[in-house]
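Reviewing the structure listed below.
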Amino acid sequence: MAFQQFMLAAVNASDALMLGFVSQESLSAVSLATQITFVFNLFMGGLTMGTSILAAQYYGKGDTLSIEKIFAYVTKVSFLISAVFFLASLFVPQLLMRIFTAEPRLIAGGILYLRIAAASYLFTGISQIYLCILKNTGHAVKSMIIGSTAVVINIFLNAALIYGIFFSPKMGISGAALATSISKLIELAWVHGESLRKNHVRLHGKFCFTGDRILSGDYWRYSLPMLGDYLVWGMGFTMYSVIMGHLGSDAVAASSIANIVKNLTREVTL
């Protein structure tokens with residue numbers, strides 16, 4: 001789970017760092033916009049932690065049916081949370097950005113990023129559960145390969161779309177957001193295809209619409225404490241960005257670099 005969260009943080013870091021070579025405002029705007037993604041990743045961390053605990057237990061028992069039920073249930077929960085972030089980023093990004101800054105140019109840049117990157121929340125919300133199940137059902141190496149490759153693809157696309165190289169248009173902030181969405185879509189398609197192979201746990205639609213109270217109760221018993229811990233801890237750090245964002249563009253730029261290091265360090269230590 002920690003590796004998955006590190007990969008998510010690395011994606012955001014690559015967006016902000018590459019935009020730093022475009023302009024200070026681009027770096028600052030995207031760094032603030034990706035604070036929304038940071039909060040989203042906190043939810044994913046809590047959900048995948050509970051999933052890992054149950055999936056590992058039932059895999060040890062050889063109970064594939066229970067794993068598939070948990071897989072479907074958590075995917076449904078994750079999709080609903082992802083949908084909230086998707087809709088908010090797509091339709092009210094200005095409200096989200098105003099939480100972090102009052103600078104019109106930073107708000108405009110953040111709006112541009114959030115609207116294009118909004119789809120990545122849907123892709124990530126599902127792919128992270130797939131990767132978590134893979135990791136805890138005897139395919140940890142494959143999970144790591146898929147997650148790592150998605151980050152490499154994102155970095156490559158960032159370079160191509162932000163700077164306009166490899167016959168790509170020069171898109172700046174829009175390119176960073178598009179690169180993130182494309183890489184997460186590739187990750188989702190790959191991990192879904194992997195799950196269809198023989199002796200892999202699969203996502204069955206029928207289990208998404210039927211509940212198992214015992215399994216769902218066990219899941220939340222493990223997940224809620226972790227989720228609460230992630231959110232309280234993460235929200236405290238997010239407040240630094242809120243404060244810095246209202247001190248002006250220069251303060252945001254300096255804080256942006258610190259936030260990148262902080263987010264990456266957080267995932268490594270956890």
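Hydrophobic clustering of Ile, Leu, Val, Met, Phe, Trp and Tyr side chains at less than 4.5 Å, counting indirect connections, unites I111 with I99. Residue V242 is grouped with residue M97 when hydrophobic side chains (ILVMFWY) are merged at heavy-atom distances under 4.5 angstrom, including chains of intermediate members. Both I145 and L185 are members of a single hydrophobic cluster when ILVMFWY side chains are connected at heavy-atom separations under 4.5 Å.
In this structure the side chain of I129 never reaches within 4.5 angstrom of the side chain of V77, judged on heavy atoms.
Between Y121 and F85, the ring planes are tilted. Angles from 30° to 60° get that label.
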Verdict with supporting geometry, Y59 and T64, side chain to side chain donor-acceptor pair (under 3.5 Å): CA-CA 7 Å; Y59 182 70; T64 302; over 6 Å; no
Going through the distances and angles, do L215 and Y73 end up as a side chain to side chain contact (heavy atoms under 4.5 Å, CB included)? CA-CA 9 Å; L215 286 176; Y73 177 75; over 6 Å; no
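Listed for the S195 side chain is a donor-acceptor partner under 3.5 Å among the backbone atoms of H192. S31 places no side-chain N or O within donor-acceptor distance of the main-chain N or O of L27, the cut-off being under 3.5 Å. Side-chain N or O atoms of S23 include none that pairs as donor or acceptor with a backbone N or O of L19 at under 3.5 Å. Side chain of H200 to backbone of K198: a donor-acceptor contact under 3.5 angstrom is found. Put simply, the side chain of S26 never gets that close to the backbone of I173: no donor and acceptor are under 3.5 Å apart. For S143 (side chain) and L131 (main-chain N/O), a donor-acceptor pair under 3.5 Å exists by modelled atom type. A donor-acceptor pair is defined here as one N or O able to donate and one able to accept, closer than 3.5 Å; no such pair exists between the side chain of S168 and the backbone of G164.
Among residue pairs with one or both ends in residues 55-81, those qualifying as salt bridge (Lys or Arg N to Asp or Glu O under 4.0 Å) are K69-D212; sequence neighbours excluded.
I214 CD1: 12 or fewer foreign heavy atoms inside a 6.0 Å radius. The local environment of CE in M171 is crowded, with over 12 non-hydrogen atoms from other residues, nucleotides or ligands closer than 6.0 Å. Heavy atoms of other residues, nucleotides or ligands lying less than 6.0 angstrom from OH of Y163 number more than 12.
Each of S181, S183, S120 was scored for a side-chain contact (heavy atoms from CB on, under 4.5 Å) with N154, with one residue passing: S183.
A donor and an acceptor atom, one from each side chain of Q128 and T48, are nowhere located under 3.5 Å apart. No donor-acceptor contact under 3.5 angstrom links the side chains of S174 and Y113, judged on distance only.
The aromatic ring centres of Y130 and F71 sit less than 6.0 Å apart. Proximity of the aromatic rings of F166 and F156 is defined here by a centroid distance below 6.0 angstrom, and this criterion is met.
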